[in-house]
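Below, chains carry the letters A, B, ... as their sequence lines are ordered, and counting in each starts from 1. As the structure is a computational prediction, the values presented were derived from the model and not from experiment.
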2 protein chains.
Amino acid sequence: MYDILRKYIDRVTAAVIPDEEFVYIEQAFDTKGVKRKQFLLHEGSVCRYMSFITSGAMRQYTIDDNGAEHITILAIEGWWMSDRGSFMSLTPSRYNIDAVEDTELLVTTLDKITRLKEQSLTFLKMAHILDQNHSVAAQKRIEAGISYTAEEKYRYLMRTHPEFFNRFPQSMLASYLGLTPETMSRVRKQVLSQ
Amino acid sequence: MYDILRKYIDRVTAAVIPDEEFVYIEQAFDTKGVKRKQFLLHEGSVCRYMSFITSGAMRQYTIDDNGAEHITILAIEGWWMSDRGSFMSLTPSRYNIDAVEDTELLVTTLDKITRLKEQSLTFLKMAHILDQNHSVAAQKRIEAGISYTAEEKYRYLMRTHPEFFNRFPQSMLASYLGLTPETMSRVRKQVLSQ
DNA sequence: AAATGCGATTGATACAGATCAATGGAAACG
DNA sequence: CGTTTCCATTGATCTGTATCAATCGCATTT
């Protein structure tokens, strides 16, 4: 499992991490399994883990006042999962995180990450790049939310994350895009017929 | 102008930055004025500046295929403004940035920031906290986009950024929320009458 | 193999918010 | 100081997407 994280760090930083640095990373991360439909985080509790998915699929979502779910993050192997706000400030989260497939994780805590950033320059660099990528992606998703039609949202997801379509049920993709499952189904039909 | 940035750094890091560190920061930032309606960044060009607003107000926006503007960022004094993706990777931006009021900035470049993060631990810390805050705010805004009604979006903006209402025309606030000016006006009437 | 349940599809209808259009007021400008 | 431009408001109408409802298929359980 650790070699998946290692390859990921190499790819993101466009370098090869030295063995003596990677030792620190191995020490900082524990393995953890989460079965399908089991929770990694419940609304109201503090998100104590920052998790790297080595296999499987997860989602983060909120439940609004009417009881409707809204998926805020979908993630598969090679992605990070946590509620960053809760994790960094140790405040209760408003989100739930559960596994959509049986999932294997490498998890670490805030203390360990803080130490790790001092011990490994490569890890620090990776964290920076991660922040940046996350920020750019979030910006685009905000833009999609305020300016795209249902069809444009569908095409946007197909372009940016085609791999999601064979990993998550269509109803979850709909929620992730802010659409109902019915609209998603109709848009799909429309798009595929052209 | 520099003392505004100084106070900002002190507040964000919850510390008092030593004089010997702040010297580096002063050296890294130049002052720059942008008159109302003038541009700081044009779509298609690289965003070479990371700017701290000391006074005034700015917006970032895209123009879609139908020629409609969509405001992605609104910012006033005490906020940062740039296209992070373009700035970090030196690629052409898809956004425009212009001044809504006559604006005074402290601007720096990628090279200078990189050096500054090595020279000043306080600045590095500030950058981290900034990333984190930005990430949390972006997450909430995405959530608003996929799950809020027009009225909820209006209330959300009133709750999180009441100061925007006397700084930006209502039509810009509407665009920022992904509403038409007409809907914004009607929602406003509705909300204020209760 | 039957039973159960979840997800996708399809149709009918409702509604929130967009669009089109006109008016009025206030700020910016020559 | 008049003129122009921008912005907010209001009304009428249209439309994209949600909602409600029924059916179907496939996978999981017993």
- Item | Side chain of A/Pro169 (C-beta onward), nearest among C/dG7, D/dC7, C/dA18 | C/dG7
- Query: Would a distance-only check, ignoring hydrogens and angles, find a side-chain to backbone donor-acceptor pair under 3.5 Å from A/Asp10 to A/Tyr8?
  - Reply: no
- Message: Tell me the interatomic distance from A/Glu182, atom CD, to D/dT23, atom P, rounded to whole angstroms.
- Response: 16 Å
- Item | Salt-bridge present (A/Asp19, A/Arg6; N to O < 4.0 Å) | yes
- Polar pair under 3.5 Å, donor/acceptor by atom type, side chain B/Arg186, base C/dT19: yes
- Item | Whole angstrom value for the distance that separates C1' of C/dA16 from NZ of B/Lys153 | 11 Å
- Message: Need to verify one output field. Residue with the more 5' nearest nucleotide on DNA chain C, B/Thr183 or B/Arg36?
- Response: B/Thr183
- According to a strict under-4.0 Å criterion, is B/Lys189 in side-chain N/O contact with OP1 or OP2 of D/dT10? yes
- Note on the structure: Atom CD of B/Gln170 and atom P of C/dA26 are separated, to the nearest Å, by 15 Å
- Send over the distance from A/Ile146 CD1 to C/dG17 C1', rounded to a whole Å. 16 Å
- Item | Residues A/Glu182, A/Arg186: salt bridge by 4.0 Å N-O rule | no
- Task: Take the protein atom CG of B/Leu173 and the nucleotide atom P of D/dC7, then report the distance between them rounded to whole Å.
- Result: 12 Å
- Query: If only side-chain N and O atoms of A/Ser185 are considered, is one of them under 4.0 Å from the OP1 or OP2 phosphate oxygen of C/dA8?
  - Reply: no
- Taking the side chain of B/Arg188 as its heavy atoms from C-beta onward, which of D/dT9, D/dT17, C/dG17 lies nearest to it? D/dT9
- Message: Salt bridge or not between A/Asp98 and A/Arg59? Use side-chain N to carboxylate O under 4.0 Å.
- Response: yes
- Message: Rounded to whole Å, please give me the gap between CG in B/Asn166 and P in D/dA8.
- Response: 13 Å
- Task: From the options D/dA8, C/dT10, C/dG17, select the nucleotide whose nearest atom is closest to the side chain of B/Ser171.
- Result: D/dA8
- So, B/Arg84 and B/Asp131, do they make that salt bridge, N to O below 4.0 Å? yes
- Message: Nearest heavy atom decides the nucleotide; on that basis, is B/Met184 or B/Lys37 closer to the 5' end of DNA chain D?
- Response: B/Lys37
- May I have the distance from A/Glu152 (atom CD) to D/dG16 (atom C1'), rounded to whole angstrom? 12 Å
- Please state how far atom CD in B/Gln190 lies from atom P in C/dA16, giving the value in whole angstrom units. 11 Å
- Query: Picking from C/dA18, C/dT10, D/dA8, which would you name as closest to the side chain of B/Thr180?
  - Reply: C/dA18
